[in-house]
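Values below: every heavy atom of this structure, side chains too, minus hydrogens, waters and symmetry copies. Naming: A, B, ... by sequence-line order, numbering from 1 per chain.
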2 protein chains.
Amino acid sequence: MRAIHEAAIEELLAVGVDRMTMEGIARRAATAKTSLYRRWSSTEEILVDAFLRVFPQEEPSPSSDDLRGDLVRALRMMRDWMSTLGARAVAEVVTARDRNPELVEAVYSRVFGERGGRFTQTVLYHYAGHGAFDPARLTPVVLDIGEALIIKHGMDHSRLPDDAHIDAIVDQAILPALGLVPGAG
Amino acid sequence: MRAIHEAAIEELLAVGVDRMTMEGIARRAATAKTSLYRRWSSTEEILVDAFLRVFPQEEPSPSSDDLRGDLVRALRMMRDWMSTLGARAVAEVVTARDRNPELVEAVYSRVFGERGGRFTQTVLYHYAGHGAFDPARLTPVVLDIGEALIIKHGMDHSRLPDDAHIDAIVDQAILPALGLVPGAG
DNA sequence: TATCTTAGCTACGCAAGCGTTTCTTAACGC
DNA sequence: GCGTTAAGAAACGCTTGCGTAGCTAAGATA
């Protein structure tokens, strides 16, 4: 059961959404094709189930009175999560969205969509509530800046940003957008 | 020739990189499989050729003394380009980068990589040179803000941002990162 | 213990793509 | 007008995945 879910994700990463096969999953899970067909009728169904079980989503918890530090922590958390197999699997699925809308719907909404996927969001709302900056600054655009820059970095360099780059994102993009100058917090 | 290149891109969009077949391209181009094998030996090779020919990359030309206006124009240009078949094709290829490194290399570097793909970059360098803001602000992070947010928007909503959203990106993210307050230019 | 569910194996006919070979057909140069 | 060159068509044996069916072997339940 768990073996099959893992096999499905592995297969996804190995061959891509569009080339997943029942036989491939079965092979990888060291089980019989018939056993798969007993429970699911397509690779997509297996994948949805797999995604449902596989993902614990960590939430950043703004602790101290340190906006910059918490932002950096949130973005590092995102980066570390993105280095996970799971995250690469999500990326895989999302690109083929035109071909598998249902799959994307099922996966994206719980893993990378509205709720999750905005790691800085939790932090920003917290500090906005505590008067660290003007809450009117928290537009959808501003909430996305950190995550957007990390994603773009990943696309450009096929490698996730290091700590220094995350610092730069916070200091040069997020804090200015909040109306804060890094030096004079 | 041109028909084959177009067919290759169409096929790419229809079935994805990983499921492209010689027979599929031949079918779509209304030609014979043998004719394809005469010139290329794989679907990847055809794709590289196709990308080389298909892409004219428009360059934003900063004209007036209007930083904000030029930024908006550059991002609209990017958005319009992304709505192209070609751009969706690029996205398709980039996600499968683990499986087709050579293809990504060949395609990405000329179409969406270092040189191109940074639409605001041209504009920003221009105005930095004319003293509109402190040139030290032009870090790699800042140069990417606009593009990153447009890409993220596309991923989140499977739809590209409208003009109002682009305005918001410029006003709420880019200009603050340059140390400029939208109201008081 | 006898029975009943369920996982796993093997094999089936079918379809699609592979890369190649052979043959026909058209176009162009001299 | 003739010969060369390149494109298209058809078929080849081969492989891989499909979805289904029939069987065996456990393990739980009455």
Side-chain angles (χ1 to χ4, degrees), chain A residues 1-54 88-89 92-93 95-104 106-107, chain B residues 1-54 88-89 92-93 95-104 106-107:
Chain A
M1 203 76 220
R2 172 159 296 276
I4 292 176
H5 288 146
E6 284 167 12
I9 305 263
E10 282 174 26
E11 180 81 357
L12 170 64
L13 293 174
V15 305
V17 212
D18 297 323
R19 242 183 190 173
M20 287 190 56
T21 66
M22 291 299 240
E23 308 214 334
I25 298 175
R27 214 179 296 131
R28 222 173 266 270
T31 186
K33 203 174 38 158
T34 8
S35 307
L36 298 188
Y37 276 107
R38 234 182 288 278
R39 290 182 198 277
W40 304 277
S41 62
S42 72
T43 58
E44 283 83 6
E45 285 182 17
I46 303 182
L47 262 190
V48 172
D49 272 22
F51 275 107
L52 286 182
R53 318 234 163 188
V54 160
R88 290 188 38 232
E92 195 66 55
V93 168
T95 336
R97 88 158 73 222
D98 295 332
R99 266 160 279 131
N100 309 59
E102 356 61 53
L103 179 58
V104 175
V107 167
Chain B
M1 205 72 221
R2 171 159 296 274
I4 293 176
H5 288 145
E6 283 167 13
I9 304 264
E10 282 173 26
E11 181 81 355
L12 170 63
L13 293 174
V15 305
V17 211
D18 298 321
R19 244 183 189 171
M20 287 192 54
T21 66
M22 291 299 239
E23 310 214 335
I25 298 176
R27 215 179 295 131
R28 222 173 266 273
T31 186
K33 204 173 38 156
T34 0
S35 307
L36 298 188
Y37 277 108
R38 230 182 292 275
R39 291 184 197 276
W40 304 278
S41 61
S42 70
T43 57
E44 284 82 5
E45 284 182 17
I46 303 183
L47 263 190
V48 172
D49 271 20
F51 274 106
L52 286 182
R53 318 234 162 190
V54 161
R88 290 187 39 231
E92 194 67 54
V93 168
T95 335
R97 88 157 74 222
D98 296 332
R99 266 160 280 131
N100 309 59
E102 355 61 54
L103 179 58
V104 175
V107 167

Using whole Å, what does the distance between atom P of nucleotide dA9(D) and atom CG of Leu36(B) come to? 12 Å

Glu11(A) side chain to Ala7(A) main-chain N or O, any donor-acceptor pair under 3.5 Å? no

Polar side-chain atom of Arg19(B) near backbone of Asp18(A) as donor-acceptor pair, under 3.5 Å: yes

Once you round it to whole Å, what is the distance between C1' of dG19(C) and CH2 of Trp40(B)? 17 Å

Check the distance between dG17(D)'s P and Asp18(A)'s CG and give it to me in whole angstrom. 15 Å

Is Arg19(A) close enough to dT16(D) that one of its side-chain N or O atoms is under 4.0 Å from OP1 or OP2 there? no

dG8(D) phosphate, OP1 or OP2, under 4.0 Å from Thr34(B) side-chain N/O: no

With a 4.0 Å cutoff (strictly under), does any side-chain N or O of Arg39(A) reach OP1 or OP2 of dA7(C)? yes

Can you check whether Val93(A) reaches Leu12(A) side chain to side chain, under 4.5 Å on heavy atoms? yes

Between Glu23(B) (CD) and dA15(C) (C1'), how many Å, whole number? 12 Å

Rounded to whole Å, how long is the line connecting atom OH of Tyr37(B) with atom C1' of dG19(C)? 5 Å

Is any side-chain heavy atom of Leu47(B) less than 4.5 Å from a side-chain heavy atom of Met20(B)? yes

When all nucleic acid strands are considered with a 4.0 Å heavy-atom cut-off, which category describes Thr31(B): base, sugar-phosphate, or nothing? sugar-phosphate

The nucleotide from dG8(D), dG17(D), dT20(C) with an atom nearest the side chain of Arg27(A) is dG17(D)

Side-chain atoms of Thr21(A) come closest, of dG17(D), dG8(C), dG8(D), to dG17(D)

Between Glu44(B) (CD) and dG19(C) (P), how many Å, whole number? 10 Å

Heavy-atom donor-acceptor pair, Lys33(B) side-chain to dG17(C) base, under 3.5 Å: no

From CA spacing to verdict: side chain to side chain contact (heavy atoms under 4.5 Å, CB included), Met22(A), Ile46(A): CA-CA 9 Å; Met22(A) 291 299 240; Ile46(A) 303 182; 4.0 Å; yes

Report the distance from atom CZ of Arg38(B) to atom P of dG8(D), rounded to the nearest whole Å. 8 Å

5' precedence on DNA chain D between Ser42(A) and Ala30(B) (nearest-nucleotide basis): Ala30(B)

Would you mind reading off the distance between Glu45(A) atom CD and dC18(D) atom C1', rounded to a whole angstrom? 16 Å

